[in-house]
Number of protein chains: 2
Amino acid sequence: MVRRTKAEALQTRAQILDAAEQVFHRKGVLSASLKDIASEAGVTRGAIYWHFKNKHDVFMAMVDRSRLPFDSLAERAEDASEPDPLGRLREFMVYLLQQAVCDPGQRRLFEIMFQKCEFSGENADLLDRQRDACRDSAGRLTRTFANAIARGQLPKNLDRVKSVTWLHSQLTGVIMNWLLDPEVLDLERAATDFVDTCLFALQHSPSLRTSPGL
Amino acid sequence: MVRRTKAEALQTRAQILDAAEQVFHRKGVLSASLKDIASEAGVTRGAIYWHFKNKHDVFMAMVDRSRLPFDSLAERAEDASEPDPLGRLREFMVYLLQQAVCDPGQRRLFEIMFQKCEFSGENADLLDRQRDACRDSAGRLTRTFANAIARGQLPKNLDRVKSVTWLHSQLTGVIMNWLLDPEVLDLERAATDFVDTCLFALQHSPSLRTSPGL
DNA sequence: GTATATACATTCAGCAATGTATGTATAGGC
DNA sequence: GCCTATACATACATTGCTGAATGTATATAC
């Protein structure tokens, strides 16, 4: 091959990331070699080393590429002027679960992160970033909860830390468990019931309140 | 070194598995080499190849070694003659969560499985075994639920598949989330509240029933 | 007491992946 | 129309690990 235009170079970069996603998903992040990714992308390793520092750099770029679609939905839920914060939160959670089922790219991403990835060595910083992302979501949930409490959608004496942590765990748990065994349950149908059960528990479970007697 | 007695050989084997646990936890399963494990165990790679076929075999042996303590507790909950199946289930879940916090070995195991392990290539069968183990637990939960329903501890029209899947997801989600960020919450204290919230939802959430109106 | 299987240590060949160095043809600025 | 940075491909050296082969000293069976 020869020198491409800038637009073509960007496309090459995207091709490499697409290929990486496929290969990471098929063989696992650590087991995948740059040779694998290169041949999947229809280029040589030289091209990869031109666009990226090394495999870890490719992986990070691939992860970064796909954090966008969820943000807008989540933001609306934590907007203080939103009259129905719990409704937005419900929408968001259902959407997230259904995306995991229906969007093959999203599902692949989840499977890579949950099953095909070692958080160690070079990837140790990825664990930190996961933790940061986790705390971000927790912060959003906390603000959304505050709005919901102000509007009487959640009880005033809800233990914020406990309930946020609990709800967040529910989401990751459902996704992870379903990915492990997708056959046992039609998650797309069950999503709303799962989410509603979580919200029901938030609203009514005494064990998530600060003062047990209320 | 020289020829050891059978008892000493068994101890060597255990040493290797202990070392593997440490090294897998520190470097990740795929990144760890047999050389690492050997030097951690104070033996040479020759010793490992004597006791095991390869690294994957070591890993499998390490995983198999630690499935025992939970079984007895879980079994009591699914015993049809148990007068308080939900109470046993509660005990078991709380115990499981607290073990993840307090028992360093158990925690290490969880961290290896959740964060330091790629389920791909040679480890693909491990994913199958995870799935099997998951279905085992689901089966136990199903039987326990049946007992609880028979004894009036859970509603008659509970959707078995949905509720079992949901509860199981809660457990794995809580453990996984806490392992990612142990600082934000004292899980040992929160464990009972989390479990009670889950049980509360099982008992009262309309979204887990088969017929919504009841 | 001898023979043999055992429980390792040591050595070696070979591969596969990585990173780098170099080649090369073109795009785009002047 | 030339020059240079760009966007790759190709070739090479190095490394680290694996698995198997071999060595060896001792339990243990007989």
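Below, each value reflects all heavy atoms present in this structure, side chains not excepted, and no hydrogens, waters or symmetry copies.
- Looking at Lys116(A), its side chain never comes within 3.5 Å of a backbone N or O of Phe110(A) through a donor-acceptor pair.
- With sequence neighbours left out, Thr165(A) forms a side chain to side chain donor-acceptor pair (under 3.5 Å) with no residue at all.
- Applying the ring pair (Phe, Tyr, Trp, His ring centres under 6.0 Å) test to Phe200(A) and every residue at least two apart in sequence or in another chain returns His204(A).
- At the phosphate of dC8(D), OP1 or OP2 sits under 4.0 Å from a side-chain N or O atom of His51(A).
- Spacing between atom CD of Glu8(A) and atom P of dA27(C) amounts to 8 Å, rounded to whole angstrom units.
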Identify each atom pair where a protein N or O and an N or O of nucleotides 15-18 of chain C are less than 3.5 Å apart, giving names and distance.
{"from": "dT18(C)", "atom 1": "OP2", "to": "Leu34(A)", "atom 2": "N", "distance (Å)": "3.4"}

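- Going from atom NZ of Lys6(B) over to atom C1' of dT6(C) covers 9 Å, rounded to whole Å.
- To the nearest angstrom, P of dA20(D) lies 17 Å from CZ of Phe52(B).
- If you take CH2 of Trp50(B) and P of dA7(C), they are 6 Å apart, rounded to a whole angstrom.
- Distance, Ile48(B) CD1 to dT18(D) P: 9 Å, rounded to whole Å.
- Scanning for salt bridge (charged side-chain N to carboxylate O under 4.0 Å, His left out) contacts around Glu40(A) gives Arg26(A), with sequence neighbours left out.
- Sorted by first and then second residue, the pairs that involve residues 161-177 of chain A and meet salt bridge (charged side-chain N to carboxylate O under 4.0 Å, His left out), not counting sequence neighbours, are Asp159(A)-Lys162(A), Lys162(A)-Asp193(B).
- Qualifying salt bridge (charged side-chain N to carboxylate O under 4.0 Å, His left out) partners for Glu21(B), counting only residues two or more places apart in sequence or in other chains: Arg65(B), Arg108(B).
- Contacts of Glu91(B) classified as side chain to side chain donor-acceptor pair (under 3.5 Å), with partners at least two apart in sequence or in another chain: Arg88(B).
- Comparing Val43(A) and Gly46(B) against DNA chain D, the residue whose closest nucleotide sits nearer the 5' end is Val43(A).
- Sorted by first and then second residue, the pairs that involve residues 20-58 of chain B and meet ring-ring contact (aromatic ring centres under 6.0 Å, His included), not counting sequence neighbours, are Phe24(B)-Phe59(B).
- For DNA chain C, the residues of residues 9-20 of chain B within the heavy-atom distance limit of 4.0 Å (strictly under) are Ala9(B), Thr12(B), sorted by number.
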